[in-house]
A.B. asks: 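Before anything else, here's the structure in question.
Read the numbers this way: they start at 1 and go in the same order the structure lists the ligands and their atoms. Along the sequence shown, residues carry numbers from 1.
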Amino acid sequence: MYQIIGPFTQLLPLTGHANKGAIKDEDLLVLNHAGILIKDSKIIAIGDFDKLLKSSKNLIVKVTELTGEQIGMPAMVDCHTHICFGGSRAKDYALRNGGKTYLEIAKSGGGIWDTVQQTRKQSLADLTKGILKRVNRHLANGITTIEVKSGYGLSVAEELKMLRAIQAANEQSVADLIPTCLAAHIFPKDYGRSIEAYLLEMSSDLFPILKQENLANRIDAFIEEEAFSNQIISPYLAKAKAMGFDITIHADQFHPSGSEVAVKYKAVSADHLEASTAHEIALLAKSDVMPVALPGASIGIGCPFTPARKLLDAGTGLAIASDWNPGSAPMGHLLTQAAILGTFEKLSTAEVLAGITFRAAAALNLSDRGQLKANAVADIIAFPTNDYREILYQQGQLGPNMVWKNGLSIIK
Ligand code: NIG
Ligand code: FE
């Protein structure tokens, strides 16, 4: 079935930009009085609304006519979340504000390990319910593609439970959930054998099941003092790579080093980078790894932002994701976080919008979304305003009033 949506007061297709490098606002394409022609779940064309209507008059078209002021753009993509978890870490948050650091809390038995205990207590059905609750909030905020990590199970059985819950939530939601296996989040202290033995067991026993059950095509690892070192993680990532998984890395969050691993294993993305120095920035700039800034973690922990301006000026791309998790990033509001990162890092409007749309899709190895173009999925959002700059200016307080997933209106 054909459908035309419009007219949008302004439409931002976000096409014509590279995945790497700075973007100037002068280069941002803004179409006035525009429409989108859709067939089933895919975009066929965008252009002047009246011309689209005229050129499609021989087709049987449903016209979704918009009234009032509407700014249209691609629906957002959140390329890094941990929204499958049990419990809360409000206690850690209060402790951090009282002066303890994230790593100190982790060392004394809190942190990620605490969430592992709380997540293991939940059934697959409970976990699925929790994911869907958070996914629905993201959908209402205009985010239709959401990456979701495991990593609070940390045994073959518990990681499988998480990934099966993510798969069930994906089946029950209109959103596209992109699962990632983060069995290398931290070394589980109840394991009983060495770190090397743990990683070997995960890669030998868990990876094949991920393939068999189509549970994840992406492997993530947290490279950090309280997690895994470059050396220790190497055989694990080599195995993942050899089996055809995409690699993504929690890199340089508190200390530099993870981005070296990301570049070495040609990861699709290196995420965090708050502690990256000129050395890591130069390495990333020479590679095709997509840096992912997680301002929600900086705000949640109270630490510096990812050096987004320096990265872009060095020639890297930049995706921006929420990192929504119970520990470091409890807020989970991507648009607010991206807008705030923009003010602190002096990012152009185009760079911020690219970071939460097509560059975030590229961080997930997806090129069929995050831009309004022929053959892209018809995932579209509209904001009730007359100037696209209002979207970041209102720092998340102006949300989309219309959201389409695969051409279907899901929120009005
Ligand atoms: O991306 N840094 C490691 N993992 C998460 C935090 C997870 C947690 O604290 O529960 C992050 O910040
Ligand atoms: Fe994370």
Side-chain angles (χ1 to χ4, degrees), residues 78-96 100-120 122 127 130 134 146-154 162 166 178-188 218-229 233 247-259 261-262 267-276 290-306 319-332 334 337 360 363-364:
D78 191 349
C79 66
H80 180 142
T81 83
H82 309 247
I83 55 171
C84 178
F85 62 84
S88 157
R89 298 241 297 281
K91 192 173 108 211
D92 286 11
Y93 189 84
L95 283 173
R96 283 202 301 275
K100 289 251 181 304
T101 70
Y102 182 86
L103 291 176
E104 279 166 3
I105 293 167
K107 273 186 200 138
S108 62
I112 293 169
W113 185 243
D114 183 6
T115 299
V116 171
Q117 307 309 303
Q118 304 196 56
T119 304
R120 286 179 177 175
Q122 294 218 346
L127 288 177
R134 298 174 193 113
I146 307 163
E147 187 259 15
V148 188
K149 298 177 196 296
S150 65
Y152 295 124
L154 307 188
M162 289 190 74
I166 297 165
I178 311 292
T180 303
C181 174
L182 179 55
H185 201 179
I186 54 166
F187 174 59
R218 294 160 43 85
I219 300 293
D220 194 348
F222 183 20
I223 311 299
E224 188 51 64
E225 249 178 29
E226 283 306 299
F228 300 94
S229 72
I233 207 66
I247 308 289
T248 173
I249 300 288
H250 277 73
D252 309 347
Q253 185 178 9
F254 302 105
H255 301 92
S257 80
S259 48
V261 179
V268 284
S269 74
D271 305 30
H272 276 295
L273 308 177
E274 294 90 337
S276 297
M290 181 66 79
V292 180
L294 303 169
S298 302
I299 296 166
I301 295 179
C303 73
F305 287 108
T306 302
I320 306 168
S322 74
D323 197 18
W324 193 357
N325 73 70
S328 62
M331 181 208 292
L334 178 61
Q337 297 164 358
L364 298 173

A.B. asks: Closest non-hydrogen protein atom to atom 11 (C) of ligand 1, residue and atom name please, with distance?
C.D. replies: D323 OD2, 3.1 Å
A.B. asks: Describe, in one word, how the ring planes of H250 and H185 are oriented to each other, choosing from parallel (under 30°), tilted (30 to 60°) and perpendicular (over 60°).
C.D. replies: tilted
A.B. asks: Check ligand 1 against Y102 and write out every atom of the ligand that is under 4.0 Å from a heavy-atom position of the residue.
C.D. replies: 6 (C), 7 (C), 8 (C), 9 (O)
A.B. asks: Numbering the atoms of ligand 1 from 1, which are under 4.0 Å from a heavy atom of H80?
C.D. replies: 1 (O)
A.B. asks: Tell me whether ligand 1 is touched by F85 - counting only heavy atoms on the residue side and a distance under 4.0 Å.
C.D. replies: no
A.B. asks: Just so I know, are the side chains of I301 and E274 near enough to count as touching, which here means a heavy-atom distance under 4.5 Å?
C.D. replies: no
A.B. asks: Between R218 (side chain) and C181 (backbone), is there a donor-acceptor pair under 3.5 Å?
C.D. replies: no
A.B. asks: State whether the shortest distance between N or O atoms of T115 and N or O atoms of ligand 1 falls below 3.5 angstrom.
C.D. replies: no
A.B. asks: Could I get the full list of ring-ring contact (aromatic ring centres under 6.0 Å, His included) partners for F254, not counting sequence neighbours?
C.D. replies: Y102
A.B. asks: Pull out every atom of ligand 1 sitting under 4.0 Å from any heavy atom of H272, numbered as shown with elements.
C.D. replies: 1 (O), 2 (N), 11 (C), 12 (O)
A.B. asks: If you measure from each non-hydrogen atom of S328 to ligand 1, which part falls under 4.0 Å: side chain, backbone, both or neither?
C.D. replies: both
A.B. asks: Counting each atom of ligand 1 from 1 as listed, which ones have a heavy atom of H82 under 4.0 Å away?
C.D. replies: 1 (O), 4 (N), 5 (C), 11 (C)
A.B. asks: Taking the minimum heavy-atom distance to atom 3 (C) of ligand 1, which of F254, F222, W324 ranks first?
C.D. replies: F222
A.B. asks: Indicate yes or no for a side-chain donor-acceptor contact from T119 to the backbone of G86 under 3.5 Å, with no hydrogens or angles considered.
C.D. replies: yes
A.B. asks: Any heavy-atom pair between the side chains of R134 and S322 that's under 4.5 Å?
C.D. replies: no
A.B. asks: Could you tell me which atoms of ligand 1, counted from 1 in the order shown, lie closer than 4.0 angstrom to a heavy atom of Q253?
C.D. replies: 2 (N), 3 (C), 12 (O)
A.B. asks: Could you tell me if the side chain of S88 sits less than 4.5 Å from the side chain of P326, heavy atoms only?
C.D. replies: no
A.B. asks: Main chain of G110, side chain of R89: is a donor-acceptor contact present, judged purely on distance under 3.5 Å?
C.D. replies: no
A.B. asks: What protein atoms of element N, O or S are positioned under 2.8 Å from the Fe ion (ligand 2)?
C.D. replies: H80 NE2, H82 NE2, H250 NE2, D323 OD1
A.B. asks: Heavy-atom contacts with Y152 under 4.0 Å: which atoms of ligand 1 show up? List them by number with element.
C.D. replies: 7 (C), 8 (C), 10 (O)
A.B. asks: Please verify whether a non-hydrogen atom of E224 lies at under 4.0 Å from ligand 1.
C.D. replies: no
A.B. asks: Would you tell me whether H272 and D252 have side-chain atoms, one donor and one acceptor, within less than 3.5 Å of each other?
C.D. replies: no
A.B. asks: Just by distance, do the side chain of D78 and the backbone of I146 share a donor-acceptor pair under 3.5 Å?
C.D. replies: no
A.B. asks: Quick one: which of H80, H82, K149 gives a side-chain hydrogen bond (donor to acceptor under 3.5 Å, both in side chains) with D220?
C.D. replies: K149
A.B. asks: Numbering the atoms of ligand 1 from 1, which are under 4.0 Å from a heavy atom of H185?
C.D. replies: 3 (C), 4 (N), 5 (C), 7 (C)
A.B. asks: Is there a donor-acceptor contact under 3.5 Å from the side chain of E147 to the main chain of T81?
C.D. replies: yes
